[in-house]
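Since the structure comes first, as structure tokens, the remarks are kept for the end.
Residues: numbered from 1 along the sequence shown.
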Amino acid sequence: MPASRRQFLRALSAVPFFGILAANTAWAQHFPAKLCNSCGFGNKKDNCARCGKWMGTTQIPAILCGDHGFGNKGDNCCVCGKWVGSATIRAHIGNCCGFGNKKDNCVICGKWAP
């Protein structure tokens with residue numbers, strides 16, 4: 001143990017921060033988009049979560065970016081913004097909003113959410 005505060009801080013600066021230096025991969029994450037009971041009831045769950053059109057047979061899982069899916073914001077409906085509660089209805093988008101690489105965008109803001 002160093003004798004003074006200055007020696008302690010000097011010794012501390014010589015120790016590499018293992019968590020910062022050992023992180024060699026970056027993880028980008030996305031969160032599943034959910035629907036509340038009123039937005040996912042009946043045939044409303046067959047509509048695109050982004051534009052509201054009927055999806056047909058093409059159903060691509062809707063995702064949220066880190067801004068809209070982190071913490072308790074991920075428990076809000078992606079269509080109306082209400083709390084989903086115990087509803088486990090996954091939101092989907094159709095070919096209209098999910099063709100090509102658009103399926104990797106957040107269903108709420110449109111930012112890339114890998």
Does [X] have any side chain to side chain contact (heavy atoms under 4.5 Å, CB included) partners at least two apart in sequence or in another chain, and if so, which?
| X | value |
| --- | --- |
| D104 | W112 |
| K44 | none |
| K73 | none |
| L64 | F31, A33, H68, C78, C106, V107, I108 |

For K82, which residues count as a salt bridge (Lys or Arg N to Asp or Glu O under 4.0 Å) partner, sequence neighbours excluded?
->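 Partners of K82 by the salt bridge (Lys or Arg N to Asp or Glu O under 4.0 Å) criterion come out as none, since no residue qualifies.
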Taking the side chain as C-beta and beyond, is there a heavy-atom pair between K111 and D67 under 4.5 Å?
->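 When only atoms from C-beta onward are counted, D67 and K111 do touch, with a gap below 4.5 Å.
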Min side-chain heavy-atom separation P32-P61 under 4.5 Å | no
Residues 83-95, side-chain donor-acceptor partners within the protein, below 3.5 Å, at least two apart:
| residue | atom | partner | partner atom | Å |
| --- | --- | --- | --- | --- |
| H92 | ND1 | R90 | O | 3.4 |

Minimum heavy-atom distance K34-D75, with the two atoms named =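 In terms of heavy atoms, the two residues are closest at NZ-OD1, 3.2 Å.
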Which pair of non-hydrogen atoms, one from N47 and one from W54, has the smallest distance, and what is that distance?
->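 Taking every non-hydrogen atom into account, OD1-CA, 3.7 Å.
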Say you draw a straight line from CE of M55 to CZ of R50; how long is it, rounded to the nearest 0.5 Å?
-> 14.5 Å
